[in-house]
Amino acid sequence: MSGKDSDLIRMAKQMGHPIPDKIKNKPVLNDDLIFYYQSFLDLDTTRTHNMAPTAISWLSIIEYARFYQLDDEDTHDLIQIIRAMDQVNLKHVEKAFKDKK
């Protein structure tokens, strides 16, 4: 459990509130998936959403894979997984952009 989660749990208990469902029921990633989640968070910082939501570039993913010295198969997996995560993320970002207008 992260420090942020434990802080929120402590605050909820102090205020007599239930533990938020987002914390109580959050998924637990196995070690293999943590790399991909962290990769997505890192790669998310390589883009901007100035005028419209933009996808994480293929080149950014390739550079990331090279930095971590992934072999061809792992690089292919990284591309596929990051793109799938990004598609879901972009749907949320696009909705947020529409809601803002």
Side-chain angles (χ1 to χ4, degrees):
M1 178 178 323
S2 73
K4 183 178 178 182
D5 290 349
S6 59
D7 289 345
L8 291 172
I9 291 170
R10 182 181 44 77
M11 288 171 46
K13 287 180 178 178
Q14 286 175 345
M15 298 174 81
H17 296 290
I19 297 170
D21 284 340
K22 285 184 175 183
I23 295 172
K24 188 168 42 174
N25 299 318
K26 81 177 193 177
V28 177
L29 296 178
N30 67 34
D31 291 340
D32 295 340
L33 297 179
I34 290 173
F35 172 76
Y36 294 109
Y37 179 69
Q38 186 60 53
S39 298
F40 179 78
L41 295 178
D42 292 342
L43 288 162
D44 188 49
T45 68
T46 66
R47 59 164 164 208
T48 62
H49 295 301
N50 289 336
M51 300 302 287
T54 57
I56 294 171
S57 77
W58 176 85
L59 186 56
S60 293
I61 300 169
I62 293 299
E63 288 175 351
Y64 194 88
R66 285 183 183 153
F67 179 81
Y68 283 99
Q69 301 175 343
L70 302 183
D71 63 23
D72 289 345
E73 184 178 342
D74 289 340
T75 297
H76 176 76
D77 291 348
L78 181 69
I79 292 167
Q80 299 305 311
I81 291 168
I82 295 300
R83 285 190 168 168
M85 293 172 72
D86 202 27
Q87 286 176 353
V88 172
N89 181 62
L90 285 173
K91 287 179 185 177
H92 291 286
V93 171
E94 288 170 358
K95 183 181 181 318
F97 264 73
K98 287 178 186 175
D99 291 347
K100 233 180 185 179
K101 292 180 181 181

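As the structure is a prediction and not an experimental result, all values here were calculated from the model.
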For D31, does the CG atom sit with more than 12 other heavy atoms under 6.0 Å from it, leaving out its own atoms?
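Not more than 12 within 6.0 Å, no.
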Assess whether atom CG of D72 is packed by more than 12 heavy atoms of other residues, nucleotides or ligands within 6.0 Å.
no
hydrophobic_cluster_shared for I23 and L29, side chain cutoff 4.5 Å
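No, it is not one cluster - the side chains of L29 and I23 are not joined through contacts under 4.5 Å.
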Spell out, yes or no, whether F67 and F35 are grouped together once hydrophobic residues are joined by side-chain heavy atoms under 4.5 Å, including indirect joins.
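As far as the 4.5 Å side-chain criterion goes, F35 and F67 are connected within one cluster.
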Is there a side-chain contact between [X] and [Y], using heavy atoms and a 4.5 Å cut-off?
{"X": "N89", "Y": "F40", "answer": "yes"}
{"X": "L41", "Y": "Y36", "answer": "no"}
{"X": "T54", "Y": "L90", "answer": "no"}
{"X": "Q14", "Y": "I9", "answer": "no"}
{"X": "L78", "Y": "S39", "answer": "yes"}

Gap between atom [atom2] of [Y] and atom [atom1] of [X] - 0.5 Å precision:
{"X": "Q69", "Y": "D74", "atom1": "CD", "atom2": "CG", "result": "12.0 Å"}
{"X": "E63", "Y": "Y68", "atom1": "CD", "atom2": "OH", "result": "13.5 Å"}
{"X": "D42", "Y": "I61", "atom1": "CG", "atom2": "CD1", "result": "12.5 Å"}
{"X": "M85", "Y": "Y37", "atom1": "CE", "atom2": "OH", "result": "7.5 Å"}
{"X": "K13", "Y": "I19", "atom1": "NZ", "atom2": "CD1", "result": "5.0 Å"}

H76 vs I79, test: side chain to side chain contact (heavy atoms under 4.5 Å, CB included). Steps then yes/no.
CA-CA 5 Å; H76 176 76; I79 292 167; 5.7 Å; no
Correct closest heavy-atom pair for P20 and A12 would be CD-CB, 4.4 Å
Minimum-distance pair of heavy atoms, taken over all atoms of R47 and D44:
NH2-OD1, 2.6 Å
Please check this pair: side chain of D86 against backbone of I56, looking for a donor-acceptor N/O pair closer than 3.5 Å.
yes
